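In what follows, chains are A, B, ... by sequence order, proteins preceding strands, each numbered from 1. In this text, all values refer to a predicted model and were calculated from it rather than measured experimentally.
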Amino acid sequence: MDYQKLAQLLYPDIDKTPEYYEEKYPPRDLPEGAKVTRFAPSPTGFVHFGGLFPVTVCERLAHQSGGVFMLRIEDTDSKREVEGAEMDIIRAFEHFGIRFDESIVHGGDYGPYRQSDRKAIYQCYAKYLVANGHAYPCFCSAEELDELRARQEEAKVTPGYYGEYVRCRDLSYEEVEANLKAGKPFVLRFRSNGNAENKVKITDLIKGNLEITENSIDHVLLKSDGIPTYHMAHAVDDHLMRTTHVIRGEEWLPSLPYHVQLFQALGFRLPKYMHISQLMRLEGTAKKKLSKRDAGAGITYYFSEGYAPECVTEYVMTLLNSNFEDWRRANPNEDIDKFPFAIKKMSPSGCLFDMAKLNDVCKNVVSRMDAETVYNKVTGWAEEYDPELHALLTRDPDYSRRILGIGRGGAKPRKDIALWKEVKEYVSFFFEELFTVSAEMPANVEPADRVKILTAFAESYDETADQTAWFDGIRAIAESVGYAGDMKAYKAEPEKYRGHIGDVSMCLRVAVTGRESSPDMYEVMKILGAEKVTARCLAAAKA
RNA sequence: GGCCCGUUGGUCAAGUGGUUAAGACACCGCCCUUUCACGGCGGUAACAGGAGUCCGACUCUCCUACGGGUCACCA
């Protein structure tokens, strides 16, 4: 068989050669050790939260080493494509501070960055493979393949197009020509020289040394519409874009031997591989892949809930590099990009997505922000997701900043807020329209005592008093109604008192804020002002 | 089912032949505090199971179990 002639028959319009592209996309001129990475999603209209993991690894590795990070759109499956999805992907990741150096919008010398725009390139290499006997056209119909699969399942053998089951591998030139003339569609298949009895040794930077069964299947390289499958596109694109590190989900591990063969057949140098484990969630006692329908699986969830992007990044980092939390404790205010990201610190096993941990990380990150930052971020979020809150906070920005600033900036900042969505509930009692008198009171305070306490406080509250004087006033009220003004005295002889100063404080807190948990009461009362404070105390006394 | 990857407390995890098997989240207790928080101190809780190698295995090998992935003209 004259493969050269067959290649010409199959792809008469392809006049470029691999040399042409090699020259057009030369090795990158980068410093020693610089990594070139890429994130390559399909524009399906759903941006998965899990994508943040490989993306973050790609971005860190590239930018930390003075390399390049690309975004390549893998739109070779027109059936799954969704309008506008490309921009959604870019916007989503940029929201989390991911900077792409090259992409369909950022440009770059190694494009096009959309696979549907690279058809001629793939076909050139397809033609090259045919010319070298590494690929052949297959005219089997979908029905024939279904039938083959059924037969293999029946016989309990590995399904697939390989070995004795291939039909089109050795068609003669004349047969191919006749099929083409008859207008029969064909796919281009890889002529595998692999043997399922053999193992290939491959090193994965995360998983370590692997021994995987050789690929013996003649996989499809080009679909009948001339568009490549993932595998072909991966080899051609990552070679031509000069990717040094292929970072992807571990679902690709089984096809790795095939990719190794392909790179060999194409004469490409193999890139380094890093396969990242999938994010899981717990269902009963079983770990399940975080799937589309789960809360938190879609990235838009984090927008609408009001997760600050730096909080999410922080959490992602704790899962990606096991020593990140230690580093953060040692460098609480350092820019996250200063963290030395290490491939070695990545876990080979999959982890569970832990919402509680995420929230804890959020609280820590938010607690480190100053009032101005919080104000700007919350209003920015609320503008889109909670117009009522936005209107409330922007009505009097200084008032809002004072509220959001309580307990902030000290050595032991409060950690009340994890998500912006929670801010409304948190600040609600500062706004009359959201405040409701609470009838709930500490159970161990007699209703009659409660009335006495609240009335006495309302009558004596002096908003000009300093914190000590203010508290002394409360202490005096406590003692006047038979409550211990000192916790130690109370603990020593609890039977001597009707309650303690803590109970009294709680009465005031509930009356003024409507809740059992709030920031520092002295600050809260000063911000609210004497008029509201006394009015609320009297209202609560009545209730 | 075949093939592949994985398995340290409820969760995330340190650990690379000899450790009282870190730390974080969650949970519980105590302390601090005017209270809720915050913070501090402490506690419950783990090497999936079985063989083997070795003076000695969480660490190495094998088997089993469990979990996950993959077997498309989808990525």
| said: From CG of Leu319(A) over to P of C25(B), roughly how many Å is that when rounded to an integer? | reply: 14 Å
| task | Indicate, with a heavy-atom threshold strictly under 4.0 Å, whether Cys140(A) touches base, sugar-phosphate, or nothing. | result | base
| In whole angstrom, what separates Ile217(A)'s CD1 from C71(B)'s P? | 10 Å
| message | For G15(B) and Lys345(A) - does any side-chain N or O of the residue sit under 4.0 Å from the phosphate oxygens OP1/OP2? | response | yes
| query | Can you find a side chain N or O atom of Thr76(A) that sits less than 4.0 Å from OP1 or OP2 on A75(B)? | reply | yes
| message | Does Thr44(A) reach a base, just sugar-phosphate, or nothing at all? Heavy atoms under 4.0 Å. | response | nothing
| query | With a 3.5 Å cut-off and no angle check, do the side chains of Tyr315(A) and Asp360(A) form a donor-acceptor pair? | reply | no
| request: Kindly compute the distance separating CG (Asp503(A)) from CD1 (Ile453(A)), expressed to the nearest 0.5 Å. | output: 8.0 Å
| field | Note: Arg114(A)-Glu86(A) ion pair, threshold 4.0 Å (strictly below) | value | yes
| In terms of ring plane angle, is the pair Tyr490(A) and Tyr497(A) parallel, tilted or perpendicular, where the classes change at 30° and 60°? | tilted
| Under 4.0 angstrom, heavy atoms only, what part of the nucleic acid is Met521(A) near: base, sugar-phosphate, or nothing? | nothing
| task | Tell me whether the OP1 or OP2 atom of C74(B) has a side-chain N or O from Lys223(A) closer than 4.0 Å. | result | yes
| Proximity to the side chain of Phe471(A) - top-ranked nucleotide from C74(B), U34(B), C71(B) | U34(B)
| field | Side-chain N,O (Ser322(A)) to OP1/OP2 (A14(B)) below 4.0 Å | value | yes
